[in-house]
Structure formats: structure tokens, C-alpha cells
Colleague: 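Could you have a look at this structure, given as C-alpha cells, before my questions?
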Amino acid sequence: MSGVKVLTGGCHCGLVRFECTTDLAMVTACNCSICTKKGLHFTFLPPKSFQLRAGAESLKEYLFNKRAISHQLCGECGVEVFARGTKPDGSEVVALNVSCIDGIELSQLTMTPIDGRHR
Ligand SMILES: [Zn+2]
């Protein structure tokens with residue numbers, strides 16, 4: 001995949017739906033506890049490139065560690081769709097679970113290793 005595209009996606013049961021604009025140039029393969037246990041691969045977007053289209057009322061928040069990252073799970077099917085956080089410079093960022101993009105093929109993505117376990 002290359003080039004900036006408008007992509008749609010959502011959780012497993014379909015309550016939570018989103019639209020985003022991304023080139024998927026940077027997708028994480030992170031070894032931190034939550035990415036490992038959930039099999040998460042994130043791509044990072046400015047909030048303006050991510051629109052929640054459905055399911056805002058179904059989202060459940062999960063916080064851990066420094067509670068700095070607000071993980072957003074579908075309350076029905078439990079899939080983590082995205083997370084909201086703040087970059088070191090203070091700007092807001094959306095971490096999108098690329099596995100939630102419609103029709104995504106993880107094997108066709110270039111993953112960037114992140115040593116999140118030791119941060
Ligand atoms: Zn769901």
C-alpha cells in the first residue's frame with residue numbers, strides 16, 4: 001500500500017465505525033505489554049485525519065500504566081479500535097489499530113519495530 005487514502009473501518013461487531021486519511025507509511029510492531037497481548041499494530045494520525053462515524057456511545061475507555069493513553073474499546077465486542085494520546089510536544093494524536101481497517105492485509109504492510117517494552 002502506498003499513497004494517502006481515505007480508509008474506512010470499525011470494530012468486529014460493527015457498532016463502532018470510523019473514516020481516516022492515512023498513507024500507512026508507519027505501522028508499529030511494538031513489544032510493549034498491551035501491543036503484545038492484544039496483537040495491536042498502530043498507525044498514528046492527527047485528530048483531524050480521523051473521524052468517528054458511529055458508535056461513540058458504545059466506546060469503553062481502558063487506562064493503565066501512566067494513564068496517559070486512552071484506549072478506546074467497543075463495549076459490545078471488545079475490540080480496541082483506536083487510542084487517544086498526547087505527543088511529547090503536547091499535540092493530540094490518534095493511534096489507530098490498523099487491523100480495524102476494512103479489508104486490511106497485515107502481511108502487506110511494512111511494520112516498524114518499536115521497543116515499547118523498555119520505554
Ligand atoms: Zn464492536
Side-chain angles (χ1 to χ4, degrees):
M1 279 192 179
S2 64
V4 176
K5 292 192 181 103
V6 177
L7 300 169
T8 58
C11 68
H12 190 263
C13 71
L15 276 179
V16 179
R17 295 290 300 167
F18 65 83
E19 186 174 300
C20 67
T21 306
T22 176
D23 59 5
L24 291 174
M26 198 288 207
V27 177
T28 62
C30 178
N31 63 5
C32 82
S33 61
I34 194 160
C35 288
T36 297
K37 285 187 185 288
K38 289 189 163 191
L40 291 169
H41 299 284
F42 285 121
T43 194
F44 298 95
L45 307 167
K48 64 176 169 47
S49 297
F50 176 84
Q51 285 88 39
L52 199 58
R53 292 292 189 223
E57 69 289 344
S58 301
L59 289 170
K60 278 174 56 176
E61 182 179 55
Y62 176 62
L63 300 168
F64 73 107
N65 194 10
K66 294 170 192 161
R67 306 176 71 85
I69 302 170
S70 170
H71 297 268
Q72 300 288 316
L73 284 56
C74 173
E76 182 67 24
C77 68
V79 167
E80 173 155 357
V81 180
F82 65 101
R84 293 189 189 278
T86 307
K87 291 200 279 191
D89 68 4
S91 61
E92 290 182 19
V93 65
V94 172
L96 177 69
N97 176 3
V98 299
S99 298
C100 288
I101 295 169
D102 293 335
I104 197 76
E105 285 283 357
L106 288 183
S107 61
Q108 293 177 9
L109 299 175
T110 302
M111 302 276 181
T112 301
I114 304 287
D115 189 16
R117 188 173 298 179
H118 299 107
R119 285 191 182 175

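Computed from heavy atoms alone, side chains included, the values below leave out hydrogens, waters and symmetry copies. First listed ligand is number 1; within each ligand, the first listed atom is number 1. Predicted model, so just to flag it, every value in this text is computed and none were measured.
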Colleague: Donor-acceptor pairs under 3.5 angstrom involving side-chain atoms of residues 61-68: please list them, not counting sequence neighbours.
Modeller:
residue : atom : partner : partner atom : Å
Glu61   : OE2  : Ser70   : OG           : 2.6

Colleague: Does anything in residues 36-52 pair up under side chain to side chain donor-acceptor pair (under 3.5 Å), and if so which pairs, sequence neighbours excluded?
Modeller: Lys38-Glu80
Colleague: Closer than 2.8 Å to the Zn ion (ligand 1), what protein N/O/S atoms do you find?
Modeller: Cys11 SG, Cys13 SG, Cys74 SG, Cys77 SG
Colleague: Side-chain heavy atoms under 4.5 angstrom apart, residues restricted to Ile, Leu, Val, Met, Phe, Trp, Tyr: same cluster for Leu24 and Phe42?
Modeller: no
Colleague: Applying side chain to side chain contact (heavy atoms under 4.5 Å, CB included), run through Val79 and Cys100 and close with a yes or a no.
Modeller: CA-CA 9 Å; Val79 167; Cys100 288; 3.6 Å; yes
Colleague: Can you sort out the partners of Phe18 under ring-ring contact (aromatic ring centres under 6.0 Å, His included), two or more places apart, ordered by chain and number?
Modeller: Phe50
Colleague: Counting C-beta onward and ignoring hydrogens, is there a side-chain heavy-atom pair between Thr8 and Arg17 closer than 4.5 Å?
Modeller: yes
